[in-house]
Participant: 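Mind looking over this structure? Questions follow.
Sequence lines set the chain letters: A, B, ... in the order given, protein chains first and strands last, and positions in each chain run from 1. Heavy-atom basis, side chains included; hydrogens, waters and symmetry copies ignored. Since the model is a prediction, treat every value here as computed from it, not as a measurement.
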Amino acid sequence: MKRNIFKINIAIVLTLLVSLASCKDFLEEKMVSTITQDYFDTEIGLEQLIVGNYNTLRWKFGFMEGPYLFESGDDIVEPLSKDWAIFSPDVWSASGAAGNYTNNLMGYYATQLLGSYPLINNCNRAVESIKKGAPGKFSSNPEYANLRLSEVYFLRAWTYYMLVTQLGDVPMPLTSSNSLPSTFYLPKATTEEVYKKIIGDLRFAYNHLPLPEATERGRITKWAAGHFLAKLYLQRAQGVAFKQYRNADGTVNYSSPNADLGLLYKGTVATDLDSALVFSTAVIDAYATKNGGTYKGLATNYWDLFKTARGDWSNETNAEIILQASYGNNLDNGRYGMRTDAAFTCDYSNAIWNIPTKTWAYGLRKGDGFLPTDWGYDVFTDKLSDSRYEKSFQIEYKSASFDNTTLADGSGLVYTDAKNKSLQWQAKDALYFNTNIQPTYDRESWGGRKAVSGQRKIGKDDLGLVFLENTKETAIDSLQAVSQPYVLYPRWIKSGTKYYYRKTGADRYLSSTGLSLGRSLRPSSRKFVDPNRSTVDNHFGTRDVAIFRLAETFLIRAEVYGRLNQYSKAIDDINVVRARAAYQAGENRAEVLARLEAGSENLPAPERKYPYLSGTNTYNKIKVDASYWDGASAKSKAENYPPEATTDATRFIHFIYNEISREFNTEQVIYEGIHHAGIQAERVIHHSQMASSKQANWPVSDNPLSGSGQDGNGKGTFTLKNTFKPFPQSFIDMLTDEKGVLLSAEAKAKYQNPGY
Amino acid sequence: MAKIPFIAGSYKKLPIIFVRKYGILLLFAVLTTFSAYAQQQEISGKVLDEGSGLAIIGATVRLKGQSGIAATNAEGNFRVSVKSFPVSLQVSSIGYKSQEIVVNDNDPVTISLPEDLNKLSELVVVGYGTQKRSDLTGALTLITEKQIKERPVQNAVQALQGKAAGVDITSNVRPGEVGIVRVRGNRSINASNDPLYVVDGIPLSAGSIADINPNDIASIEILKDASATAIYGSRGANGVILITNKKGTKGKTTIEYDASYTFEKIHSTTNWMNSGQLLDWQRQAYINGGTYTGTYGTAPDPNFDVQTFGGGETYGQNSIKTAYSWNEDGTVKLRAATAAEIAKGYAAQVPVYNPEKMFNQNWADLVTRTGITQNHQLSLSSGSEKSQVYLSLGYLSQLSPMVDQDYKRYSLNVKGDITPRKWLTIGTALNATYSIQNYGVSENSANTGAKDSYGQAIALLPYAPAYNEAGNILNTNKVGLSTHNILLNIANATNEHSQYSVQSNTTAEVRFTPWLKYLSKFGAQLRASEYGSFYGSDYTNPFSAVGTAPLIGYDQQSKNFSWVQENLLFFDKTLGANVFGVTLLQSSQKNVNNSINIRSQGITFPTSKWYNLAANSLGKPMGYGTGYSESSLMSYMGRVNYSLLNRYLLTASGRWDGASVLSKGNKWDFFPSLAVAWKLEEEELIKKIQWIDQLKLRLGWGVTGNSSVSAYSTTGSISAAGYVFNETQYAGYKAEVMPNSALKWEKTGQYNLGLDFSVLKNRLSGTVELYRSNTSDLLMSRSIPVPLGYSSILTNIGKTKNQGIEISLSSLNINTKNFKWRTDLSWSTNKEQIVELAAGKVDDKANGWYIGQPIAVYRDYTYDRLWQNTPEDTRLIELYKKIGNITAIPGQVKVKDQELVVVPVGTTGSKSVTLASGEVVNYLDNGFGSITDDDKKILGSNRPDWVAGITNTFSYKNWELSFFVYARIGVEYYGALQTYGRRVETDVWSPTNTTAKFPQPTTATFTNYNYVRNYTDGSLISVKNIALSYNLPKKVLDKLKINKLQIYGQVLNPFIFGGEAVKLGLNPDDVTGWDSTAGAQSGGQTANTIVNRSVVIGLKVGL
């Protein structure tokens, strides 16, 4: 009996245990550290969704995709990766690296980088939330709702603009998607349809966005929308000429060799140039008194836009900037922070020039990187008068080293320090220096010392590494070059009757690097070097990057005036930019410019002495007039127009983009310009030797290095097809027709961009 | 324990030894006999192991026909009262054949038990219970304690390698880490392929297999086929590994001490070039490329060499200078060149150059040592009728042969049960472990770059010095050849992982009636891990990782907690020839993980490492975060075992599983299984065949699942995407995961046909298994066109198939009293195939998945040959240049392309080019001339065609010698050029060696396809160990008053043989990290140029 009671007890316990464990919600999944997308239907969730969408402005600068898509394929910058630079068909294919990078633009890295289509989906979601649910403030305050809607419209327009620039016709979803559809039928919208939509949205935004003074810095303003509209109207007008390469139904005529130009056609609207004029003028007038009004709102010194130092971000607030990609001064800036800081830097560290380590101030490079083409330097036709050359490029490096213990830059070692491993003087070059250079070499750090054979050349605060971008005609004698009190890297040296192109070898031009090898030692862009990056070995930059700035508005309006045949007004606008570009009286010049640059011998003697001050304002030397594109004058010839530019009108257009090259090099702006203007291919083929297949277009050197050196011939395969990227093969392979059937090979070929 | 008839028939032939004991004892016995006349008499005796003559402890001695039972004590002695003589004594002990002897008087007896070669009567652990081996219906491999102890192993996974057919286990030499275990191949593409570990009946979820001391394990059972694993339902798809820890034995108290010392050295399988050889190689590349522009023609020029190879830094440059002879004034000594030298391009006067004299730094030596692994275990086991306890303390200290890696593990294991009433048993087990691992110089999770200090050391050039003139570690401040001086980095890097782990369980068993019992189990596991890293100011950050820059400290702590509650009912009933068994289960399980991490840069006090992260130069962390996830599982299971006439066996089970990680409405699923077996040996026809001892045919089918998706993947999560306005961080969010309301279980259905046999008086026994498994509804991250707003979605799409054969054989080749030779062999082959993918039977190139192929395959260009300097090739090279802009040069790799088909001008689909000679070539535009994706082919896979392990054991008296050979055959391996340019390689192309195996090194630029030459044969045969052990004879033991003393010595990994990869000096056995991606060609431990060779000495003492 007792035993039975026990059994019953056990049974009760058992039942209890079972029922406890099978509580109904035991398998219910409760979100704890993550939330579901219903959050976007709340007021705060919607606010935060809109904030999240701002990340599209960082896309070009967050990883290497930006430079790979928006710099390779222009004529002033080239990728250091050889296969990229020569437009190797292996790379430039739908399944090659170019296809992969396009995939990333479209959104492969959706989870990390917020690529275009995931971002568009989020924008669509935000538009729907504002228009349909309108939680809280979004329904109680229609003005506020319109303001936020305008931001979303802008961000979506910007994202479509990036896609169209790289791919031409693209799918244009305008509603959000949240479940798997039964088919992958994604027909493309024509660029005409896309431009119509985004111009319409931006017109709405222009009317509802606040002025810069009325919102946080980094938010979209009325003038950002105005500048963008001016640009889009101009581009639509630029494309009108290419209507002939589209079929009547708007599709691209694949049988035309100029099919790619057809992709640039965005519709014909007669008033576009006038609209561009209206919006650019509105922006220009609104900014006229900024920065004291000295240069009609432009920064008073070009360098003010880029200067930075450890703990200094003052450039970010310059009033010339209309729109920027914002990065916080702390390091919480998405996956990589601002990574462009590591894209354009050369290999400057070497003990032989007394810069043994990477430093905060000179930055670093990650991956293969990008450096200017020769034309990227030569587009500065007067380096002694246009200060943008030395402000854009690091042409001189002072001795420096990084102190691992204090995590700070230090100046380099004194030349007598046993640890100083810089180049030693040899008898021959010491003699040359003592005879020809030392008597007038009054650099403060040098202290007037004589060269002594066997001694270290570069001491504390001396120049360590210096670049001279000369031409074959102005080649420097190799003894003179090697006798400088620093390591000089000239593009051309001559030795007797021999001319050598870009010889390196850390010191004495022993190595025949030439054109295709070891291309990482050239003047590099200073614009994005970030002394406030995470660590000295790393990128994770913190500086904002200007996306629109007023100088571009002037050059947009100048082109519009030109196209309207009002050249004198165009010249006025160009000269606003030029006036600011000049050296101001009392401004320093780089030593290499003052002492070695061709033409420096004509500088007044005081300007050739340390600290190499410019005695006068040089604006008059670079002030533009119509002779710059007349085809005959020296000024016009120096602009090196492609042979296709045979009229004043076409040369003027090229001049505008030469000027944008000078003003905006490495800012990922020039690509869009020459691309939409339809002159990308002719410029690249004429100017970029690595990309071009043109023969005998460049000077020949005596170190041709078994075909891969400077033999005067282009090394690449660039054609019109390379002005657009291929759709990624993996993307096209997934697509279906309306019925859900995978695309046939023929349909795929039609979806793909011409030539791929 | 049931007595098997054919044994009973043979016992009389076995020798029974009667031994007269000492006189006094005899006298005493006689006296006792008389005094206890008629009512109480006694028999005493001793039970011995027939082979070794050692006492058998805990053997049961039963009186046949009379009530009376006794167990032998620690000396093997027993004493039992008898009513009358003669009486039959039945003596049995696990692992021995039972013996029956007739005793006529009360003289002390000694009974020797022979080892039981027939394992059929053994009880083996199956899911939720135990079964007699002969009654098994599923495919199972048993690894005994003896097998585990054959080799000194640091973890349970290592012990299984090569021992179980169908179980592929890779090596992982890093102390504290375990290899990858795959049971019958890979099924799943995105979900996990790891098996389920069940320790003492409780699934490991928060705990880790690395925390289990292999010396505490009594047995490991691997359930392979679905009919056996379906009992674990949703988690059974990848096989189940049941681990049973030791426990106390009734009537037996033992104390054992095991110790082993392993001395391990890194043996390089690659013959590396020394400084002089390497400098010559590099110079030759310049000469071949036409870029050696020194002042002495092609003769070595110190200026050029220093300039080009010196790394732009004095130490490296000075090393190069040591190859030359120098005059007092610092100029190089010159000599006249010979005519032969001048003929090959030397100048008339050339520098005196002697590469043999050149400074040579052996970097590998600097980072290696003789690693010593000590393994100590002290265990106590004791048991009475009512309670049993097992207690052990373990200490493992592993010093890797790499100077910067080590591992220590302290473990405590307690297991015991009490039977306070006849109907109740309460048991508890506790396993507590603390371990600490010095991971080594850097954690490199990237696909490229060395993974450890040895890899980094061999990447350094032999003419880069490690020390400065003063003999201190050289720090060149990140310039030159010694930039990433490994000694500097070792001194400046700390990467420490520590784990605190507790696994415990409590059971209560209530026996209501002899046929009905209830079992309740509760298990809890807690594992707390900490990872701390710190990099000193001179760390050179070789992989430029953000978190490993100098003066960065990082601390990550995580806690995994899980509990399991199970209620089981067992019915067992025999009705005539029918034996029924029913098992019912209810189970619930919960897992909770949380973590926290902080990273700070510019640590103020380097000595504080990661212990004071607030003291940093920024005044705030550079990164921090916390994480949390929770998941739960619930199950009901029922199983029926039925046996008819001990001849026909049937097992059927069904399990319902519900998982929280799956979507609503799809959380629950049903996993059935059915297996039948036919014990042919019980049939009269077979019984007549004398030489057949066992012949059992099994057929099983079952469905298992896999829900290894991470928590929160179905509801559409969002993630942070903040942005900055006015230099202020604003919270921002974006949609991250497309919701999938249809996500359900990935399922595997498997058929298994098995044959167990034992013949020739059990001298040869074995198992053959054939299986096929089909996995469907693969949990797959499927790429979708990104205009949908997402690039992928986790869905149930696609199918895979695995089929294979497994053979296990065990043979006692020679069996004499003093000498025995035994062979155990396992062989298996598995074919893994993708059957369907997202778009049906269509390859998914983006992910590298191909229909009909294993999940990871190599798809690439095919190596054709080397380009030659012939007129035909010169023409072909020009064609490639003209058509595809491909620059080819003789001596470099040519890959297979479409054929050149020359056709008449005007043929449709043809093109023409004009060569420099004026020849117009009109060719079919079939893809010839350009190398595109279409030219790629599937080259093979890193899955072996077959795997085998063979162990031979010879024993002679007290000596035993065994060796274990392991083979992985038919593996495609990527790496033939991995060491090219650093290894001594003479078979390179030159105009005079045109049939060479390898391309010519050159600095010339060309369209490089040389990497394709990397694909090669990675087959491997490895002698894993040779072991010799000696048991002290009984006489000596008695003198020492101990029970058992064994000493042994082993050599681990003495030899390796294999295909081209092995011949080139690679060890393809270590594939750690090479498996996860479809490309599967990058990554991996750089340990693949070494074999870790060890010598072990060990001692086992039983008191």
Participant: Examine whether an atom of L180(A) lies under 4.5 Å from a heavy atom of chain B, and if so say whether it belongs to the side chain, the backbone or both; otherwise answer neither.
Facilitator: both

Participant: Sort P728(A) into side chain, backbone, both or neither according to what part of it lies under 4.5 angstrom from a heavy atom of chain B.
Facilitator: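 Contact with chain B is absent: no heavy atom of P728(A) under 4.5 Å.
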
Participant: Got a second to check how far K82(A)'s NZ is from N1008(B)'s CG, nearest 0.5 Å?
Facilitator: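 Nearest 0.5 Å value for the NZ-CG distance: 10.0 Å.
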
Participant: Check side-chain hydrogen bond (donor to acceptor under 3.5 Å, both in side chains) between D544(A) and all other residues, then give those that pass, not counting sequence neighbours.
Facilitator: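 Partners of D544(A) under the side-chain hydrogen bond (donor to acceptor under 3.5 Å, both in side chains) test: R217(A), Q324(A).
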
Participant: Evaluate Y723(B) against N53(A) for side-chain contact (heavy atoms from CB on, under 4.5 Å), listing each step before the verdict.
Facilitator: CA-CA 9 Å; Y723(B) 197 73; N53(A) 287 339; over 6 Å; no

Participant: Under 4.5 Å from any heavy atom of chain B, what part of Y54(A) do you find: side chain, backbone, both or neither?
Facilitator: both

Participant: Is there a side-chain contact (heavy atoms from CB on, under 4.5 Å) between V51(A) and F725(B) once you walk through the steps?
Facilitator: CA-CA 9 Å; V51(A) 171; F725(B) 304 120; 4.2 Å; yes

Participant: To the nearest 0.5 Å, how far apart are CD in Q307(B) and CD1 in I352(A)?
Facilitator: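 Q307(B) atom CD to I352(A) atom CD1 measures 7.5 Å (nearest 0.5 Å).
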
Participant: Examine whether an atom of Q317(B) lies under 4.5 Å from a heavy atom of chain A, and if so say whether it belongs to the side chain, the backbone or both; otherwise answer neither.
Facilitator: neither

Participant: Are side-chain heavy atoms of T932(B) and S93(A) found at a separation under 4.5 Å?
Facilitator: no

Participant: With only heavy atoms counted, which part of Q729(B) is less than 4.5 Å from chain A, the side chain, the backbone, both or neither?
Facilitator: side chain

Participant: Could you tell me which non-hydrogen atom of P118(A) sits nearest to which non-hydrogen atom of V786(B), and how far apart they are?
Facilitator: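 Minimum heavy-atom separation between P118(A) and V786(B): CD-CG2, 3.8 Å.
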
Participant: Relative to chain B, which segment of K419(A) carries a heavy atom at a distance below 4.5 Å: side chain, backbone, both, or neither?
Facilitator: neither

Participant: Which one of G536(B), G623(B), A731(B) has the most heavy-atom pairs closer than 4.5 Å to chain A?
Facilitator: A731(B)

Participant: Given side-chain contact (heavy atoms from CB on, under 4.5 Å), test N538(A) with N541(B) step by step and report yes or no.
Facilitator: CA-CA 10 Å; N538(A) 255 298; N541(B) 202 1; 4.2 Å; yes

Participant: What is the distance from atom OG1 of T535(A) to atom CD of Q601(B), rounded to the nearest 0.5 Å?
Facilitator: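 If I round to the nearest 0.5 Å, the distance is 7.0 Å.
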
Participant: Check each atom of N178(A) against the heavy atoms of chain B and say whether the ones under 4.5 Å are side chain, backbone, both or neither.
Facilitator: both

Participant: Quick one: what part of I784(B) sits under 4.5 Å from any heavy atom of chain A, side chain, backbone, both or neither?
Facilitator: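 Both backbone and side chain.
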
Participant: Is it the side chain or the backbone of T314(B) that comes within 4.5 Å of chain A heavy atoms, both, or neither?
Facilitator: side chain

Participant: Which bit of L742(A) is near chain B, if near means a heavy-atom gap under 4.5 Å: side chain, backbone, both or neither?
Facilitator: side chain

Participant: Donor-acceptor check, side chain of S177(A) to backbone of L788(B), threshold 3.5 angstrom: yes or no?
Facilitator: yes

Participant: Do you know which of G884(B), P787(B), S660(B) has the most heavy-atom pairs with chain A at a distance under 4.5 angstrom?
Facilitator: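 That would be P787(B).
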
Participant: Closest approach of Y790(B) and N121(A), non-hydrogen atoms and distance?
Facilitator: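 It is CE1-ND2, 3.6 Å.
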
Participant: Stepwise, does the side-chain contact (heavy atoms from CB on, under 4.5 Å) test hold for E216(A) with Y730(B)?
Facilitator: CA-CA 11 Å; E216(A) 296 112 331; Y730(B) 279 61; 2.7 Å; yes

Participant: Is chain B contacted by the side chain of L186(A), its backbone, both, or neither, given a heavy-atom distance below 4.5 Å?
Facilitator: side chain

Participant: When only pairs under 4.5 Å are counted, which of S632(B), A549(B), P785(B) shares the most heavy-atom pairs with chain A?
Facilitator: P785(B)

Participant: Any chance you could measure N329(A), atom CG, to E727(B), atom CD, to the nearest 0.5 Å?
Facilitator: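 Reported value, rounded in 0.5 Å steps: 4.0 Å.
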
Participant: Counting heavy-atom pairs closer than 4.5 Å to chain B, which one of Y117(A), Y39(A), W313(A) comes out on top?
Facilitator: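 Ranked by heavy-atom pairs under 4.5 Å with chain B, first place is Y117(A).
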
Participant: Heavy-atom distance under 4.5 Å to chain B: side chain of S95(A), backbone, both or neither?
Facilitator: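 S95(A) touches chain B through side-chain heavy atoms alone.
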
Participant: What's the separation between atom CG in N350(A) and atom CD in E313(B), rounded to the nearest 0.5 Å?
Facilitator: 9.5 Å

Participant: Considering only heavy atoms, which portion of R125(A) lies under 4.5 Å from any heavy atom of chain B: side chain, backbone, both, or neither?
Facilitator: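 For R125(A), neither part sits under 4.5 Å from chain B.
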
Participant: Can you see which heavy atom on L551(B) is nearest to which on T405(A), and at what distance?
Facilitator: CD1-O, 4.1 Å

Participant: Measuring heavy-atom distances to chain A, does I931(B) have an atom under 4.5 Å in its side chain, in its backbone, in both, or in neither?
Facilitator: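 Just its backbone gets close to chain A.
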
Participant: Measure F40(A) against the heavy atoms of chain B and call it side chain, backbone, both or neither at under 4.5 Å.
Facilitator: side chain

Participant: Kindly check if the number of other-residue, nucleotide or ligand heavy atoms within 6.0 Å of OH (Y733(B)) is above 12?
Facilitator: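 12 or below, so no.
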
Participant: Strictly distance-based, threshold 3.5 Å: is any side-chain N or O of Q37(A) a donor or acceptor partner for the main-chain N or O of V737(B)?
Facilitator: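 Flag set: sc Q37(A) to bb V737(B) pair under 3.5 Å.
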
Participant: Please report the interatomic distance OG(S783(B)) to CG(D733(A)), rounded to the nearest 0.5 Å.
Facilitator: 11.0 Å

Participant: Pick whichever of M172(A), K358(A), Q729(A), K366(A) has the most heavy-atom pairs under 4.5 Å with chain B.
Facilitator: K366(A)

